[in-house]
Engineer: 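Got a structure for you, written out below as structure tokens; questions coming shortly.
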2 protein chains.
Amino acid sequence: MTHDIEQKALARYLEAHGLKQTRQREVILEAFLEAGGHLTGEDLYQLIREEYPKIGYTTVYRTLKLFVEAEIAEERRFDDGVARYEIEHKHHDHLVCLLCGKIFEFESSVIEQAQREVADGLGFVIHRHRHELYGHCEECRQKKDDPAPGD
Amino acid sequence: MTHDIEQKALARYLEAHGLKQTRQREVILEAFLEAGGHLTGEDLYQLIREEYPKIGYTTVYRTLKLFVEAEIAEERRFDDGVARYEIEHKHHDHLVCLLCGKIFEFESSVIEQAQREVADGLGFVIHRHRHELYGHCEECRQKKDDPAPGD
DNA sequence: TTCGGTGCAAAAGATTTGCATATGT
DNA sequence: ACATATGCAAATCTTTTGCACCGAA
């Protein structure tokens with residue numbers, strides 16, 4: 001079994017909440033984990049369709065929300081306003097290429113520290129944050145012979 | 001005239017692009033600047049309606065996009081996925097209170113510097129970014145006797 | 001057997017578009 | 001006059017909901 005941890009997490013969640021283990025939930029979880037993240041509901045629906053054509057649009061959406069409840073997935077929205085889901089793992093931020101759409105992940109303890117200082121200064125308690133850098137990735141820049149903006 | 005700078009910026013943009021100065025654009029700009037930012041299309045439409053009832057929904061949306069083109073406004077989306085517009089001014093990031101919805105602004109050169117380092121390390125050129133902290137503001141915490149999450 | 005789950009179709013909310021009409025330039 | 005702008009209604013797009021039927025426990 002490939003994604004043992006998440007599958008067990010889901011089973012545990014369902015159990016604990018009197019919900020049912022269904023074929024759809026299995027299939028959606030498997031496809032979601034397999035694809036590896038940053039998918040929209042639509043993306044996932046299309047993926048699953050291929051191997052399980054009678055699955056409903058609605059079920060995919062509902063199941064994604066379920067995964068968020070079960071803390072298997074996180075919901076994010078980048079600049080297009082569409083909800084995307086990714087596997088919940090260690091906290092990180094994102095770099096999005098404006099040309100090819102690829103999404104990179106990063107983390108920076110310097111930034112985290114600075115965030116806490118900002119929040120403290122305003123009497124604010126941070127629960128979560130969102131931090132996205134948009135630009136051009138190396139590969140795309142090379143393709144287009146696209147220099148840094150200031151050059 | 002209260003918002004001279006933006007009004008001139010708009011006039012310049014319209015001129016330069018062969019577009020027209022209309023009563024609606026005036027009214028919308030005035031209302032937008034007056035309100036002071038972080039408004040949705042709906043918000044602004046409702047505001048303007050009071051003093052100019054026959055204005056169309058569509059016109060407000062189109063005009064807001066125009067302001068973005070003219071670099072008078074910026075479009076943002078916080079976690080609810082709805083587009084909000086704010087007056088374009090010095091770069092800054094946001095702190096959003098999850099309880100009362102108030103939006104604070106901040107900037108941190110430490111964070112900006114760290115962003116550049118992250119991007120350099122990945123061969124990425126940043127064009128823009130988005131950085132939002134979500135939490136509870138001081139006022140709301142006092143009202144609810146809500147301590148820091150770790151306490 | 002009993003709830004919860006699923007799938008369809010329809011609803012909803014935000015935003016955009018088509019089009020005839022109105023209006024700056 | 002002519003091109004752009006406006007306002008309405010209708011279309012889109014994404015996501016949610018109502019409801020009859022299905023299926024896991």
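Lettering follows sequence order; numbering is per chain, from 1.
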Engineer: Would you check if A:Glu51 and A:Glu30 make a side-chain contact, meaning some heavy-atom pair closer than 4.5 Å?
Structural biologist: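 Result no, sub-4.5 Å side-chain heavy-atom pair not found.
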Engineer: Please determine, for the side chain of B:Gln24, which listed nucleotide (C:dG5, D:dT6, C:dT15) has the closest atom?
Structural biologist: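 Ranking C:dG5, D:dT6, C:dT15 by closest atom to the B:Gln24 side chain puts D:dT6 first.
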Engineer: State which of C:dG7, D:dT15, D:dG7 makes the closest approach to the side chain of B:Thr58.
Structural biologist: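 So the side chain of B:Thr58 is nearest to D:dG7.
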Engineer: What nucleotide, of D:dG7, D:dT16, C:dT15, holds the atom closest to the side chain of A:Lys65?
Structural biologist: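 From the listed options, D:dT16 comes nearest.
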Engineer: Is the phosphate of D:dT16 approached by A:Tyr61 (side-chain N or O, under 4.0 Å from OP1 or OP2)?
Structural biologist: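 Checking D:dT16 against A:Tyr61, no side-chain N or O comes under 4.0 Å of OP1 or OP2.
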Engineer: Both conditions, 6.0 Å and 45 degrees, for the charged tip of B:Lys65 above the ring of B:Phe67: are they met here?
Structural biologist: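 The answer is no; the distance or angle limit is not met.
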Engineer: For A:His131 and A:His129, indicate whether the former's side chain and the latter's backbone hold a donor-acceptor pair under 3.5 Å.
Structural biologist: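 The answer is no, because no donor-acceptor pair under 3.5 Å joins these two groups.
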Engineer: I need the CD-P distance between B:Gln46 and C:dG13, as an integer number of Å.
Structural biologist: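 Spelled out: CD on B:Gln46 to P on C:dG13 is 14 Å.
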Engineer: Starting at CZ of A:Arg84 and ending at P of D:dT14, how long is that distance when rounded to a whole Å?
Structural biologist: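 Roughly 10 Å, once rounded to whole Å.
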Engineer: Please confirm whether the shortest side-chain N or O distance from A:Thr59 to OP1 or OP2 of C:dG7 is below 4.0 Å.
Structural biologist: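 The answer is yes; a side-chain N or O of A:Thr59 sits under 4.0 Å from OP1 or OP2.
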Engineer: Can you check whether A:Gln21 has a side-chain N or O nearer than 4.0 Å to OP1 or OP2 of C:dG4?
Structural biologist: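 No, because none of the side-chain N or O atoms of A:Gln21 sits under 4.0 Å from OP1 or OP2 of C:dG4.
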Engineer: Reading DNA chain D from 5' onward, which residue's closest nucleotide shows up sooner: B:Lys54 or A:Leu19?
Structural biologist: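 Looking at DNA chain D, the more 5' nearest nucleotide goes with B:Lys54.
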Engineer: Applying a strict under-4.5 Å side-chain criterion to I, L, V, M, F, W and Y, I'd like to know whether A:Val96 and A:Leu98 cluster together.
Structural biologist: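 Looking at the clustering, A:Leu98 is in the same group as A:Val96.
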Engineer: Find the distance A:Tyr57:OH to C:dC8:P and express it as a whole number of Å.
Structural biologist: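 To the nearest whole Å, that distance equals 13 Å.
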Engineer: Would you indicate, yes or no, if D:dA5 has its OP1 or OP2 atom less than 4.0 angstrom from a side-chain nitrogen or oxygen of B:Arg25?
Structural biologist: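 True: B:Arg25 side-chain N/O within range (under 4.0 Å) of D:dA5 OP1/OP2.
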Engineer: Quickly work out the A:Leu64 CG to C:dT6 P distance and round it to whole Å.
Structural biologist: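 So the CG-P distance, A:Leu64 to C:dT6, works out to 13 Å.
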Engineer: Taking atom types as they are modelled, would you say the side chain of A:Arg62 forms a donor-acceptor pair with the base of C:dG4 within the 3.5 Å cutoff?
Structural biologist: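 Answer is no: no donor-acceptor pair is held.
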Engineer: In whole angstrom, what separates A:Glu42's CD from D:dT15's C1'?
Structural biologist: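 Atom-to-atom, A:Glu42 to D:dT15, this comes out as 11 Å.
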Engineer: What's the closest nucleotide to the A:Lys20 side chain, out of D:dA24, C:dT25, C:dT15?
Structural biologist: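 Out of D:dA24, C:dT25, C:dT15, the nucleotide with an atom closest to A:Lys20's side chain is D:dA24.
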Engineer: Rounding to a whole Å, what distance do you find between A:Asp80:CG and C:dT16:C1'?
Structural biologist: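 After rounding, the reported distance stands at 16 Å.
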Engineer: Any side-chain N or O of B:Thr22 under 4.0 Å from OP1/OP2 of D:dT6?
Structural biologist: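 Yes, B:Thr22 has a side-chain N/O under 4.0 Å of OP1/OP2 on D:dT6.
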Engineer: Atom OH of B:Tyr85 to atom C1' of C:dA14: distance rounded to whole Å?
Structural biologist: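 It works out to 11 Å between those atoms.
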Engineer: Should the heavy atoms of other residues, nucleotides or ligands under 6.0 Å from CD of A:Gln21 be counted, would the total exceed 12?
Structural biologist: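 Buried by this count: over 12 neighbours within 6.0 Å.
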Engineer: If you assign B:Gly18 and B:Tyr52 each to the DNA chain D nucleotide with the nearest heavy atom, which residue ends up on the more 5' nucleotide?
Structural biologist: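 By nearest-heavy-atom nucleotide position, the 5'-most residue is B:Gly18.
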Engineer: Could you tell me the separation between the CG atom of A:Leu66 and the P atom of D:dT15, rounded to a whole number of Å?
Structural biologist: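 Answer to the nearest Å: 17 Å.
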